[in-house]
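Lettering of chains follows the sequences in order, A, B, ..., and the numbering in each one begins at 1.
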Amino acid sequence: MSRDRWTIGLAVFFAAFAALTLGVWIPNDIETGVIEKFRRQISIGDAMAPTFVAAAMLVVGLIMGVLECVRPGAAEGRPRGLDGSAFKFVLRLGGLLVVSLLLMIYVGPLTVDVINGLGHDIGTYRQLRDTVPYKYLGYVTGGFVLVFGVTSLVENRFSRASGVVALAAVAVLVVLYDVPFDDLLLPPNSDQ
Amino acid sequence: MGFLDHIWLGIVAVFSADPVLTIAGIPISITITMVFSGFLGGIVVGATPGLGGPFAMAVSLPILVSIFGFDVDAMLPVLGFLIGIMKGATLGGAVPAILFNTPGTPDSLLTTFDGYPMTRNGQSGKALRVAHFSSVSGDSVSDIVLIVGAPFLAVFVERFLDFPEKAALIILSLAFIAAVVGANVWKGLLAALMGLFFAYVSTGQDNYPRLSLGIEELGNGFPVISAVLGVLIIGEVFKALEDMWREMREKAEIAEIEQSGDNKLHWADIRRILPFIGISASIGTMIGALPGIGSTLAATLGYATGRKFYKGDGNFGDGLPEGVASTEAANSAVSGANLIPVLSLGIPGNVAAVFIVLATETISGFNPGPDVFRLIPNQVNPEMVIAFGLFTMMIFANVLNWTLGGVFMRATGIMVKVPKQRLLPIVLLLTLTAIYVQETNMFAIYVTLGFGFLGYLMRKLDISVLPFVIAFILANRLEESMRQAFDATGSNPWFLFQSPIAVAFILLAIGVTVFFARNQKALG
């Protein structure tokens, strides 16, 4: 029986993360200790819970790593882990998500800037973020690219049908979340 | 006021508060309407491969909160909808398993073993009726155990467990969940520890948000809904998308099979399957009452026990109604019993229970736990009224299940034709939108996607996500219990080892971990 490199890798990762957390992160990023003394009153400090958790992570990581080295499990049923294809998929999906979120955030404000730049003073995007059609620009564009892009990625082709489905889906979500509620704002309008 | 008064007030709260429509002169309350809507939605979602009850609960919670608000009056309608989804999805999951050999939910996998052969034999109608009858029977048994058991367990916990014992009980529950879920105990423990660690970021009592790395947006910690939905829903969506991307649409066309066999459910059939339903419902209820053990194990054990018990012609797997009954009764019996640890201890035992707890944390006025069933002299305990309202809604959902469930269930076979590769990207956008409207900032979306990738990685590396989610939810309660126990024992650092009950819980936690670590291969 061979050792599972993913299990050993996980064990090393968690043990190293726990050691760094205990040695560096907790002492520098928590202002109270494991135990606090204030006017002769002893109480549990904010560092106690994370310290115990990190210590347990270190112990469990070490046990898991040592056990996998000493007594490796059967090869069948092991996780496939992350192979080259998985990395390729994650990169493409991640790229799509980044592009669609950027569109979602910036299409509305940029459109307003362009209209203002053309000499029509319509105000700032913040002033228009709850006004039709400006409030839908970012969500519809970003949402459409997200749904259509991910579908096309999985289908490995662009199809008119998936474009129509994506557009319909975004429209349904607008109807579901925006039209019936005066106090709800679609992304990204609440924090504009 | 006694228990009976609270039961009556719970029933009244469900049936008479805020009527929204009138049917034949009878006013129908908003809560009843919500249970009914959730129930219908749950059947449809359960019958759609790739979706499931937890997904529907996740995306509907923010909408429900937007509609009903955060006030205590919102609690019963919101919980009613979630309960309806839970019940409906359990039923709907059997539909694609029986008709198309495609389990709608993981626990329906075993339903395919006998359900689909029955369809091939031209008896899909009978298979669906057996699944419906068995599922609803199992669910009803489980609800009865919940309704009778949870209040007594809660009263016991409140009477005999103090702060140190409660802290030890949370540790035992987390150890148990980590040990029994998934193939590797150590990975389960690491998942639970990760959940605790993330939950401790930016919480605590000091003014400085601990472990926040100076990031301003993290000042209030990771939003619970982002972490939970990210790991549970988005992680699953990413993993399913990758699987489909790999498969590249190598999906065979679904062939229509003519259904010309006996498709009725006769009394003789019911008499035949009743013993199997009884055994499986008991197994499912017992398993459901333990935190962390899901309906998949219940279905497996129910099916295995039924197969052992079966002495008739043919074998399990050839298309026997007894096979369908054994599986469906067991996995449905988990759903009610899973709420026992929530209502009596405040500890969610499965994904559906996680969303019930999330709802109660979002809306004020109901904190599941032993306090819920505390009698206050000469006063009404509003939390107990809500708890009995919850039981009333479960009974009402069961009545819907018995009367209308079968008809709706048989009508949802078409859902399997919805292409998953077009559905899941919509689920992704829907979940992100739902989180945004609740949290109202893009940071919550980034956090959700981050936790989504974490959930995807965990699935790729065979690390269970359930211990992570439950630990994340319980983390602050555990820390609070520790602080209170420390103070209550006069700053004794050995507070966990002061009482025999707390010591027993800690020893049990160690024992469970060691036992499952030593036997994981055999159990797997």
Go through the atoms of B:Thr513 and report whether side chain, backbone, both or neither lie under 4.5 Å from a heavy atom of chain A. neither

Value for CZ (B:Arg210) from CD (A:Glu31), rounded to nearest 0.5 Å, stands at 13.0 Å

Who pairs with A:Asp29 by salt bridge (charged side-chain N to carboxylate O under 4.0 Å, His left out), at least two apart in sequence or on another chain? none

The interface call for B:Leu457 against chain A, heavy-atom contacts under 4.5 Å, is side chain

So, the part of A:Phe89 with a heavy atom under 4.5 Å from chain B: the answer is both

From B:Leu432 atom CG to A:Leu146 atom CG, the distance as rounded to the nearest 0.5 Å: 7.0 Å

I'd like to verify something: which residue of B:Leu196, B:Asn207, B:Leu189, B:Leu430 has the highest number of heavy-atom pairs under 4.5 Å with chain A? B:Leu430

Mind running side-chain contact (heavy atoms from CB on, under 4.5 Å) on B:Phe197 and A:Thr21 for me, showing each step along the way? CA-CA 10 Å; B:Phe197 192 82; A:Thr21 303; 3.6 Å; yes

Gap between atom CD of B:Glu242 and atom NZ of A:Lys88 - 0.5 Å precision: 12.0 Å

Quick one: of A:Gly94, A:Ser162, A:Ser152, who has the most non-hydrogen atom pairs under 4.5 Å with chain B? A:Ser162

Tell me, for A:Ala11 versus chain B, whether the close heavy atoms (under 4.5 Å) come from the side chain, the backbone, both or neither. neither

Given a strict heavy-atom distance threshold of 4.5 Å, which part of B:Ile445 is in contact with chain A: side chain, backbone, both, or neither? side chain

Winner by heavy-atom pair count (cut-off under 4.5 Å) against chain B, out of A:Gly45, A:Ala54, A:Ala166: A:Gly45

By a 4.5 Å heavy-atom criterion (distance strictly below it), what part of B:Ala475 contacts chain A: side chain, backbone, both, or neither? neither

Under 4.5 Å heavy-atom distance to chain A, tell me which part of B:Glu479 shows up: side chain, backbone, both or neither. side chain

In Å and rounded to the nearest 0.5 Å, what is the CG to CZ distance from B:Leu193 to A:Phe52? 13.0 Å

Let's go through B:Leu213 and A:Trp25 carefully: what are the C-alpha distance in whole Å and the side-chain angles of both, what is the deciding distance for side-chain contact (heavy atoms from CB on, under 4.5 Å) to 0.1 Å, and is it a yes or a no? CA-CA 9 Å; B:Leu213 295 167; A:Trp25 195 0; 3.4 Å; yes

Does atom OH of B:Tyr208 have more than 12 heavy-atom neighbours, drawn from other residues, nucleotides or ligands, at distances under 6.0 Å? yes

Donor on one side chain, acceptor on other, B:Tyr436 and A:Asn189, under 3.5 Å: no

Answer with side chain, backbone, both or neither: which region of A:Ile42 has an atom nearer than 4.5 Å to a non-hydrogen atom of chain B? both

Side chain, backbone, both or neither of B:Asp206 within contact of chain A (heavy atoms, under 4.5 Å): both

How close do A:Leu184 and B:Val437 get, heavy atom to heavy atom, and via which atoms? CD2-O, 4.0 Å

Could you give all pairs that pass the ring pair (Phe, Tyr, Trp, His ring centres under 6.0 Å) test and reach residues 91-146 of chain A, with sequence neighbours left out? A:Phe144-A:Phe148

For B:Tyr456 versus A:Ala86, what's the shortest heavy-atom pair and its separation? OH-CB, 3.7 Å

Contact winner vs chain B - A:Pro180, A:Gly143, A:Ser85, A:Ala56, heavy-atom pairs under 4.5 Å: A:Ser85

With chain B, which of A:Val90, A:Ile35, A:Val170 has the greatest number of heavy-atom pairs at distances under 4.5 Å? A:Val90

Identify the heavy atoms of B:Asn441 and A:Asp191 that sit nearest to each other, and give their distance. CA-OD2, 3.2 Å

Who among A:Ala18, A:Gly61, A:Ser190 has the most heavy-atom pairs with chain B under 4.5 Å? A:Ser190

Which atoms of B:Leu423 approach chain A - backbone, side chain, both or neither, heavy atom under 4.5 Å: neither

Residue pair B:Met442, A:Leu101: steps toward the side-chain contact (heavy atoms from CB on, under 4.5 Å) verdict: CA-CA 9 Å; B:Met442 289 302 284; A:Leu101 287 179; 4.1 Å; yes

A:Met48 versus chain B, the contacting section by heavy-atom distance below 4.5 Å: neither

Closer than 3.5 angstrom, by distance alone: can the side chain of A:Asp46 be matched with the main-chain N or O of B:Gly204 as a donor-acceptor pair? no

Go through the atoms of A:Thr51 and report whether side chain, backbone, both or neither lie under 4.5 Å from a heavy atom of chain B. neither

Could you go through the side-chain contact (heavy atoms from CB on, under 4.5 Å) check for B:Ser491 and A:Lys37 one step at a time? CA-CA 11 Å; B:Ser491 307; A:Lys37 222 174 179 179; over 6 Å; no

Would you compute the distance between atom CG of A:Leu62 and atom CH2 of B:Trp186 and round it to the nearest 0.5 angstrom? 11.5 Å

Starting at CG of A:Leu10, measure out to CD1 of B:Ile463 and round the result to the nearest 0.5 Å. 4.5 Å

Given that the side chain runs from C-beta out, which part of B:Tyr446 has a heavy atom under 4.5 Å from chain A: side chain, backbone, both or neither? side chain

Neighbours of chain A found in residues 215-223 of chain B - heavy atoms under 4.5 Å: none

What pairs of residues pass the salt bridge (Lys or Arg N to Asp or Glu O under 4.0 Å) test when at least one of them lies in residues 117-130 of chain A, not counting sequence neighbours? A:Asp130-A:Lys135

